[in-house]
Amino acid sequence: MKNFPKYFFIFWSVVFLLFAYWQVNDPDPQIWVSLYILAAIFCGLAARGKHPLIPLGIIIVACIVGAVYFYPTSVSKWVNYEMENKDLTMKTQDSEEARETFGLLIIAAILSVSAYFGWKNKI
């Protein structure tokens with residue numbers, strides 16, 4: 001159980017790198033590839049036991065603000081639309097923004113775990 005945080009953050013670092021790769025064909029790849037690579041870097045630092053609280057706090061707050069900004073008008077409508085089409089192509093701006101919202105929330109959640117470990121180690 002002692003190594004769980006290390007493997008947890010290694011896993012998420014790889015996942016964020018995959019997310020960055022999948023964003024290369026996005027309409028605005030500079031923003032999203034950079035953001036996911038930044039999240040992967042912070043997960044890599046967390047895997048090594050380093051949790052810089054101030055930068056983590058800034059990124060977490062920025063991701064939450066961005067998620068609120070991009071939050072879809074109806075999550076159930078978006079999910080139903082995705083299920084009806086049975087493909088993951090970006091056909092509407094709403095589906096793009098909904099996916100961006102949840103990407104930002106995932107980053108905020110995972111980096112919050114790192115911030116928690118950093119805060120816990122400081123006490």
Side-chain angles (χ1 to χ4, degrees):
M1 197 66 170
K2 183 179 177 185
N3 287 330
F4 174 76
K6 177 181 177 180
Y7 295 117
F8 174 81
F9 289 115
I10 289 172
F11 169 80
W12 279 105
S13 185
V14 171
V15 169
F16 286 138
L17 288 174
L18 286 171
F19 285 179
Y21 174 75
W22 291 324
Q23 292 296 318
V24 170
N25 292 328
D26 198 64
D28 47 1
Q30 301 86 353
I31 296 169
W32 300 103
V33 170
S34 301
L35 186 63
Y36 284 123
I37 288 175
L38 187 64
I41 289 169
F42 276 98
C43 283
L45 288 171
R48 298 186 72 202
K50 297 179 184 350
H51 309 278
L53 292 177
I54 293 174
L56 282 170
I58 292 169
I59 294 170
I60 292 166
V61 169
C63 284
I64 291 170
V65 168
V68 168
Y69 177 77
F70 285 119
Y71 198 80
T73 54
S74 172
V75 174
S76 61
K77 182 176 153 187
W78 168 65
V79 171
N80 288 335
Y81 176 80
E82 296 280 347
M83 305 234 333
E84 287 172 10
N85 287 326
K86 297 197 186 327
D87 69 7
L88 296 176
T89 58
M90 296 293 175
K91 299 212 190 270
T92 67
Q93 185 66 25
D94 288 339
S95 65
E96 170 77 9
E97 289 179 356
R99 290 178 185 181
E100 289 170 350
T101 295
F102 291 104
L104 290 170
L105 290 175
I106 290 169
I107 292 171
I110 300 305
L111 294 185
S112 293
V113 174
S114 176
Y116 170 76
F117 280 117
W119 173 75
K120 187 177 167 186
N121 290 341
K122 260 191 157 175
I123 294 180

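Quick note: residue numbers are just sequence positions, from 1. No experiment lies behind these values; they were computed from the predicted model shown.
Residues Val33 and Asp26 are not in side-chain contact: their nearest non-hydrogen atoms beyond the backbone lie 4.5 Å or more apart. Side-chain contact between Leu111 and Cys43: present, with at least one pair of heavy atoms (C-beta onward) separated by less than 4.5 Å. Proximity of Val65 to Tyr69: side-chain heavy atoms (C-beta onward) are nowhere separated by under 4.5 Å.
Note: the hydrophobic cluster containing Tyr21 also contains Phe11 (ILVMFWY, side chain heavy atoms under 4.5 Å, direct or indirect links). Follow the hydrophobic side-chain contacts under 4.5 Å out from Ile64 and you reach Phe19 in the same cluster. Hydrophobic clustering of Ile, Leu, Val, Met, Phe, Trp and Tyr side chains at less than 4.5 Å, counting indirect connections, unites Leu45 with Ile106. In this structure, Phe4 is a member of the same hydrophobic cluster as Val15, with clusters built from ILVMFWY side-chain heavy atoms closer than 4.5 Å. Residue Ile31 is not grouped with residue Val61 when hydrophobic side chains (ILVMFWY) are merged at heavy-atom distances under 4.5 angstrom, including chains of intermediate members.
Residues Leu104 and Gly66 approach most closely at CD1-C, 3.4 Å, considering heavy atoms. Nearest heavy-atom pair across Gly118 and His51 is CA-CB, 3.4 Å. Taking all atoms of both residues into account, the shortest heavy-atom contact from Ala40 to Ser13 is O-OG, 3.0 Å. The heavy-atom pair separating Phe16 from Ile107 by the smallest distance is CE2-CG1, 3.8 Å.
Screening Ile60, Ile59, Ile37 for a side-chain contact (heavy atoms from CB on, under 4.5 Å) involving Phe42 leaves a single residue, Ile59. With Trp22 as the fixed residue, the side-chain contact (heavy atoms from CB on, under 4.5 Å) test singles out one of Leu18, Val24, Asn25: Leu18.
Atom CG in Leu35 sits 5.0 Å away from atom SG in Cys63 (nearest 0.5 Å). Atom CD1 of Ile41 and atom CG of Leu17 lie 8.5 Å apart (nearest 0.5 Å).
With sequence neighbours excluded, the residues forming a side chain to side chain contact (heavy atoms under 4.5 Å, CB included) with Thr101 are Ala67, Phe70, Tyr71, Pro72, Leu105, listed by chain and number. Val113 meets the side chain to side chain contact (heavy atoms under 4.5 Å, CB included) test with Phe8, Phe9, Phe117; sequence neighbours excluded.
Among residues at least two apart or in separate chains, side chain to side chain donor-acceptor pair (under 3.5 Å) pairs with a member in residues 30-49 are Asp28-Trp32, Trp32-Glu100.
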